[in-house]
Amino acid sequence: MKKPENHIFVIFGGRGDLAKRKIVPALYSLFVQDLLPERYAVLATGRSKVTDVAYQDEVKAAVDSFSEEKDKSRIKDFADTFRYIDLDPSINEAFSQLPTALASIRSLLGISGNTLFYFSVPPDLYTKISDHLALNGLNNESDGWKRMIIEKPYGHDFESATALNSKLLEKWGENQIYRIDHYLGKETVQNILVTRFSNGIFEPLWNRNYVHHVEITSAESLGVERRGAYYEGAGALRDMVQNHLLSLTGFVAMEPPSSLDSTPIRNEILKVFQSLRPIQTEDVQRVAIRGQYTGAHVRGEWIRGYREEEHVDPSSITETFAALKFYIDNWRWGGVPFYIRTGKRLPTRVTEAVIYFKQTPHTTFSQNSESGGYNQLIIRIQPDEGILLKFGMKVPGTGFNVRNVNMDFHYSDFASERIPMAYERLLYDCMNGDNTLYTRSDEVLAAWRFLDPVIKTWYNNHDIPVYGYPAGTWGPEKADELIEEPELTWRYTCKNLADDGVYCEL
Ligand code: BG6
């Protein structure tokens, strides 16, 4: 793998949680693999005054606590590449020090103007920072490339995302803006493309003729932790569905791209989003279910409900669970229902895309009960990354009884291969100018456009229930009703315990 061009990596929000937990550990992983540039530096910024040395100690502590690298022997050398300046991004004048700070690092290292700005700050600062960088000439590529990485939330609905987009594009080019969706950096998400497009056995079946329905579940066992203030204004739909779950849908449903270049891949994902059948306001209650976790005992420990969490309104109706049924109106997927759901405080952490294939037209065998004869291909995104194929086999002995068996591949079988962290892959790509695994503005806007009717209806119509579900269960039972066929349910529910031991707590 090639080393990126020499550059300076600037972090706004250098002392924040994201920097410590994700950005710094990802940079360390690149460092130990020798995948950072020959000459580079990290310039972290933050509101508080901290010396370079004190900041470098924080970097060491972050690597120590959050890096998955076994080799921690190079922490000191790594931390030495960090510099810190105090820069409060809410104060306009604060930005004027930046060109000088960058220029002095550049002349010290003897590098050009290549600069990557990571916006690890609250979203209300995005336009402010981008404007002030531009005012100080730091969007100008005459002396080297300039790129920005922006975290979600990218707007909070279609209108605000459009406004944010227009504002950023006033001074920056689309190819300079890297909108991160860390799910796209996950190895198993990228593997969806390889599974689909490099295997003759799957691709011919991957359409309305053979697929009965598709399920995507992203479950978390944790609650909102310390992020109550952010989550109150977001909810599961904005936090997980608008970005991660729709991105996964894009990968599962897209047409084969003409090449692996960024534009063809992003074009195909965009086409999927543009083909999502719009959800009508009057249908929202039927096809979109929201829920909120309530206090319960989980594995012997009392888990408080969402409304009891810090910085959460005790009468909050923010959803911590969302499930949707929708269709993709194109030739490949016409008539195939897609079910997606996500929730916090579910029994376990698991993200999967499941393709349910249609049953054979007729069978004389006594059918196995657990899946009604639907073969399933399960793409396990996390944890225990892998692919599982479930199909019927004859139970040995008299008669013709059929039971599901598993053909199971685990990523851990690639014994010597370490699965890179999502941020590691994404930062490396951005440093190399590859935006394939970042979302383009039209994709983001199409995703918002699709969800807007649900967002607005949930906000405006308080008669639509927010179903409570006890922590440690698979969300509100109402979500089971989205799947209307009697013999089918979500792969994991409290009613239908899955055969691999993931169960309902209560
Ligand atoms: C983030 C959400 O984008 O993704 C969090 O803001 C969520 O609420 C997280 O917990 C889940 O990511 P992962 O990689 O742990 O599935």
Side-chain angles (χ1 to χ4, degrees), residues 13 16-23 25-26 29 66-68 118-123 126 149-156 161 178-192 216-249 251 290-293 303 306 309-312 316 318-322 340-353 379-386 411 419-427 437-439 444 447-448 451 471 475 492 502:
D17 239 32
L18 181 72
K20 284 185 192 152
R21 286 171 185 268
K22 301 287 184 192
I23 304 172
S29 287
F66 301 113
S67 166
E68 289 170 5
Y118 201 118
F119 291 22
S120 177
V121 291
Y126 291 171
I149 298 183
I150 301 193
E151 280 287 332
K152 70 170 220 312
Y154 194 77
H156 54 90
Y178 288 68
R179 299 171 195 82
I180 209 163
D181 175 342
H182 77 276
Y183 266 53
L184 296 186
K186 292 184 193 276
E187 194 65 36
T188 33
V189 173
Q190 296 151 36
N191 190 39
I192 296 175
I216 297 177
T217 286
S218 184
E220 294 183 84
S221 50
L222 292 178
V224 289
E225 307 299 291
R226 290 177 300 138
R227 297 164 73 221
Y230 150 76
Y231 202 84
E232 271 290 86
L237 204 63
R238 292 186 175 97
D239 186 48
M240 291 291 291
V241 178
Q242 188 274 338
N243 35 70
H244 310 326
L245 266 63
L246 286 180
S247 291
L248 276 175
T249 306
F251 272 61
R290 55 178 166 173
Q292 191 185 75
Y293 60 85
I303 299 295
Y306 177 68
E309 299 278 17
E310 268 171 46
H311 307 300
V312 168
S316 168
T318 298
E319 79 286 355
T320 60
F321 174 99
I340 60 178
R341 65 175 175 169
T342 182
K344 295 210 182 270
R345 287 285 183 218
L346 301 187
T348 191
R349 174 174 182 255
V350 64
T351 300
E352 292 180 344
I379 303 172
R380 173 74 67 102
I381 309 295
Q382 62 188 21
D384 188 16
E385 295 82 349
Y411 252 71
I419 299 187
M421 288 164 54
Y423 274 83
E424 184 184 326
R425 166 72 196 258
L426 292 172
L427 293 188
L437 297 175
Y438 287 83
T439 29
V444 180
W448 278 121
L451 289 179
Y492 301 122
V502 178

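All ligand and atom numbering here is 1-based and tracks the order in the structure.
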Does either side chain, that of [X] or that of [Y], offer a donor lying less than 3.5 Å from an acceptor on the other one?
| X | Y | value |
| --- | --- | --- |
| E151 | Y126 | no |
| E309 | Y231 | no |
| T318 | E232 | yes |

What protein heavy atom sits nearest [atom], and how far away is it?
| atom | value |
| --- | --- |
| atom 12 (O) of ligand 1 | H182 NE2, 3.1 Å |
| atom 5 (C) of ligand 1 | R227 NH1, 3.3 Å |
| atom 15 (O) of ligand 1 | R349 NH2, 3.2 Å |
| atom 8 (O) of ligand 1 | D239 OD2, 2.6 Å |

Can you sort out which atoms of ligand 1 are near [X], meaning under 4.0 Å from one of its heavy atoms?
| X | value |
| --- | --- |
| E220 | 7 (C), 10 (O), 11 (C) |
| Q382 | 13 (P), 14 (O), 16 (O) |
| K344 | 5 (C), 7 (C), 8 (O), 10 (O) |

Q.
Here's a test for you: under side-chain hydrogen bond (donor to acceptor under 3.5 Å, both in side chains), which of D239, T439, N243 qualifies with K152?
A. D239
**Q.** Pairing of D17 and R226 as salt bridge, 4.0 angstrom limit
**A.** yes
Q) Which residues pass the ring-ring contact (aromatic ring centres under 6.0 Å, His included) test with Y183, sequence neighbours left out? A) H244
Q.
Which residues pass the side chain to side chain donor-acceptor pair (under 3.5 Å) test with E220, not counting sequence neighbours?
A. K344
**Q.** Part of Y231 with heavy atoms under 4.0 Å of ligand 1, whether side chain, backbone, both or neither
**A.** neither
**Q.** Distance-only N or O hit between ligand 1 and H244, under 3.5 Å
**A.** yes
